[in-house]
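Notes to accompany the following structure.
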Amino acid sequence: MKKADVFEFFRRLAEENPDPQTELEYGNVYQLLVAVVLSAQSTDVGVNKATRALFREVKTPSEMIALGEEELKEHIKTIGLFNSKAKNVIALSEILEREHGGEVPADRDSLTALPGVGRKTANVVLNSAHGAETFAVDTHIFRVCNRTGMAKGKTPLAVELGLEKKVPGPFRVGAHHWLILHGRYICKARMPECWRCPVVDLCSFKAKVLEKPGRKAKS
DNA sequence: ATCCCGAGGG
DNA sequence: CCCTCTGGAT
């Protein structure tokens, strides 16, 4: 995608959503980290439903350790992959407590050293909590970038680097959220709603869905 | 490449 | 029924 089109692309998404933010609910950076770990291959709506009660009881790593793995499982058993997530969250909390004074580190290497935290999760924390100019390439951003031609790449890392070449630093934190919201509500995986897409004319997707499918004929 | 793994939507 | 959801570890 040409540089002028990239600018126009985000200008239009910004028009629709002036102040885009994470839809995950949290009260501090530790809770953000936990929420993002829980959100892997799960919807934010489902994560928020579970964390609402959990975060009322647990606000720090030490409180999570005190809660314990089995109790944590009870809180998050409605979320996919809950067994491994519970285990990771407890282990991660123990490391924060032991090696980081109970605080969430603000550098990528320390974050990705935590169990259950990969590059994507680390980038969300750096971006959302510390305002770092990074892209966390999740399933939405990966799909939207490859479809539209914003940044093509076979791996999330390749897309991340492509985005960094096209989007100026100060613009990235907003762009990150615009891409996710666009992917979640319009450029959806299964049936993209191109007929109401504000950037459809800038998009290189071959299989555009330009008309809203009508109701099935009654039998 | 495979496993983990529940809820919601089509 | 099938697919998808702010992935990570092996």
Side-chain angles (χ1 to χ4, degrees), chain A residues 13 17 20-26 29 31-54 69 72-93 95 108-130 132 134-147 150-151 153-160 163 172-193 195 207 209 211-217 219:
Chain A
L13 294 189
N17 204 327
Q21 287 176 357
T22 259
E23 295 191 345
L24 288 171
E25 297 169 4
Y26 61 96
V29 182
Q31 291 184 337
L32 168 65
L33 173 62
V34 172
V36 178
V37 168
L38 296 180
S39 73
Q41 297 289 278
S42 308
T43 62
D44 58 335
V45 174
V47 172
N48 288 337
K49 200 185 296 182
T51 56
R52 213 115 54 194
L54 175 66
E69 188 173 326
L72 176 55
K73 277 185 190 174
E74 284 305 308
H75 275 281
I76 66 171
K77 66 184 176 189
T78 55
I79 304 174
L81 317 181
F82 70 93
N83 271 308
S84 48
K85 286 174 182 174
K87 185 172 187 167
N88 285 334
V89 166
I90 295 294
L92 152 179
S93 300
I95 295 176
R108 186 183 286 136
D109 288 342
S110 300
L111 286 167
T112 54
L114 301 170
V117 180
R119 187 182 181 91
K120 179 258 162 184
T121 298
N123 282 356
V124 173
V125 173
L126 293 170
N127 173 328
S128 237
H130 303 292
T134 63
F135 285 100
V137 179
D138 55 43
T139 178
H140 293 305
I141 294 191
F142 187 76
R143 179 182 65 252
V144 171
C145 286
N146 274 300
R147 254 188 202 163
M150 169 68 63
K154 292 188 173 67
T155 66
L157 180 58
V159 170
E160 181 183 329
L163 277 170
R172 289 178 195 163
V173 174
H176 165 83
H177 293 296
W178 285 318
L179 288 172
I180 288 180
L181 295 175
H182 185 60
R184 180 176 299 162
Y185 297 116
I186 296 179
C187 196
K188 298 189 288 188
R190 196 169 338 177
M191 195 186 72
E193 302 183 1
W195 66 85
V209 183
E211 234 168 283
K212 181 171 187 170
R215 289 208 154 280
K216 239 183 249 174
S219 50

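Every chain is numbered from 1 and lettered A, B, ... according to where its sequence line falls, protein lines coming before strand lines.
If you check every strand for non-hydrogen atoms under 4.0 Å, A:Thr78 touches sugar and phosphate atoms only. A:Ile76 comes within 4.0 angstrom of nothing in the nucleic acid, heavy atoms only. Residue-level contact check: A:Leu81 touches the bases, meaning some heavy atom is under 4.0 Å from a base atom. If you check every strand for non-hydrogen atoms under 4.0 Å, A:Lys188 touches nothing. Heavy atoms of A:Val117 sit under 4.0 angstrom from primed sugar atoms or phosphate atoms, though from no base atom. Using a 4.0 Å heavy-atom cutoff across all strands shown, A:Gly46 reaches no nucleic acid atom at all. Within the 4.0 angstrom heavy-atom criterion, base atoms lie near A:Thr22. A:Lys85 comes within contact range of no nucleotide atom at all, as no heavy-atom separation falls under 4.0 Å. Counting non-hydrogen atoms under 4.0 angstrom, A:Ala189 reaches the backbone sugars and phosphates but no base.
Spacing between B:dC4 and C:dT6 at atom P, rounded to whole Å, works out to 22 Å. Comparing the C1' positions of B:dG8 and C:dG8 gives a spacing of 23 Å, expressed to the nearest Å.
Of the charged side-chain nitrogens involved, at least one lies within less than 4.0 Å of a carboxylate oxygen, so that A:Glu193 and A:Lys188 count as a salt-bridged pair.
Two residues are said to be in side-chain contact when any heavy atoms from C-beta on lie closer than 4.5 Å; A:Val89 and A:Ile76 fail this criterion.
Rounding to whole angstrom units, CZ of residue A:Phe82 and P of C:dG7 are separated by 19 Å. As a whole-Å value, the separation of A:Arg119 CZ from C:dA9 C1' is 17 Å. When the P atom of C:dA9 is taken as reference, atom CG of A:Asn83 falls 17 Å away, rounded to whole Å.
The outermost nucleotides of DNA chain B lying under 4.0 Å from heavy atoms of chain A, listed 5' to 3', are B:dC4 to B:dG9.
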